[in-house]
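Heads up, the thing below is written out as structure tokens.
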Amino acid sequence: QVQLVESGGGSVQAGGSLTLSCTSSTSPHRRHSMAWFRQAPGEEREGVAGIDTYGSTMYADSVKSRFAISRDNAKNTLYLQMNSLKPEDTARYYCAADTHFGGRCWELVADACNFWGRGTQVTVSS
């Protein structure tokens, strides 16, 4: 069982920055591909950024060049650095992990992620 706990959300003005963190309860964290998803009220969940066990990354087109996903395996922590935030980035952000070898969670395939955090709210005002 993997427990994921997100932190770092908050309210920020457009153009601002936030860094989200996701701490995993298990080790070795490095074996899990991981991803960030988000969901705004009334909207479907969408993939934001993913990272596999080798450090390869994938981003949604809407966040490319603004967001950066990274991981610190020694700390069992996943990060999402968010810059140049826009009001349309407002959503609840969820951390997800995939404990299956070769899984596609990091490619932003939500059904491939088998553990989820409870999320952290990000609100961007104009």
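For this chain, numbers begin at 1 and follow the sequence in order.
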Nearest 0.5 Å please: distance from the [atom1] atom of [X] over to the [atom2] atom of [Y].
X      : Y     : atom1 : atom2 : value
Ser56  : Ile51 : OG    : CD1   : 8.0 Å
Phe115 : Met34 : CZ    : CE    : 11.0 Å
Ser21  : Gln81 : OG    : CD    : 9.5 Å
Ser24  : His32 : OG    : NE2   : 6.0 Å
Lys64  : Thr57 : NZ    : OG1   : 9.5 Å

Let me know which of Gln121, Met82, Gln39 forms a side chain to side chain contact (heavy atoms under 4.5 Å, CB included) with Tyr93.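 Between Tyr93 and the candidates, side chain to side chain contact (heavy atoms under 4.5 Å, CB included) is satisfied uniquely by Met82.
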Taking Leu20 as the fixed residue, which of Phe67, Trp36, Tyr94 is the one that meets the side chain to side chain contact (heavy atoms under 4.5 Å, CB included) rule?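 Answer to the side chain to side chain contact (heavy atoms under 4.5 Å, CB included) test with Leu20 among Phe67, Trp36, Tyr94: Trp36.
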Report whether Val63 and Tyr79 are members of the same hydrophobic cluster (ILVMFWY, side-chain heavy atoms less than 4.5 Å apart, transitive linking).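 They do not share one cluster, since no chain of ILVMFWY contacts under 4.5 Å joins Val63 to Tyr79.
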Give a yes or no answer on whether the side chain of [X] reaches the backbone of [Y] with a donor-acceptor pair at less than 3.5 Å.
X     : Y      : value
Glu6  : Gly119 : yes
Arg92 : Pro41  : no
Asn73 : Asn76  : no
Thr90 : Val124 : yes

Checking salt bridge (Lys or Arg N to Asp or Glu O under 4.0 Å) for the pair Asp89/Lys86: CA distance, chi angles, key distance, verdict? CA-CA 5 Å; Asp89 293 319; Lys86 304 176 181 180; over 6 Å; no
If you look only at distance, which donor and acceptor atoms sit under 3.5 Å apart when one is on a side chain in residues 101-113 and the other is two or more places apart or in another chain?
unit_1: Arg104; atom_1: NE; unit_2: Glu107; atom_2: OE2; d: 3.1

Could you pull out all residues at least two apart from Glu46 that satisfy salt bridge (Lys or Arg N to Asp or Glu O under 4.0 Å)?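 Expected list: Arg38.
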Apply the test side chain to side chain contact (heavy atoms under 4.5 Å, CB included) to residues Thr19 and Leu80: give CA-CA distance (whole Å), side-chain angles for both, the deciding distance (0.1 Å), then the verdict. CA-CA 6 Å; Thr19 300; Leu80 184 68; over 6 Å; no
Do the ring centers of Trp116 and Phe37 come within less than 6.0 Å of each other?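 Aromatic pair counts; centres sit under 6.0 Å.
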Using side-chain contact (heavy atoms from CB on, under 4.5 Å) as the criterion, list what pairs up with Thr23, not counting sequence neighbours.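 Thr23 satisfies side-chain contact (heavy atoms from CB on, under 4.5 Å) with Thr77 only.
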Any donor-acceptor N or O pair under 3.5 Å, side chains Gln13, Ser125: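 Absent: no donor and acceptor within the cut-off.
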Glu88, CD atom: more than 12 neighbouring heavy atoms under 6.0 Å: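 Yes, the 6.0 Å shell around CD holds more than 12 heavy atoms from other groups.
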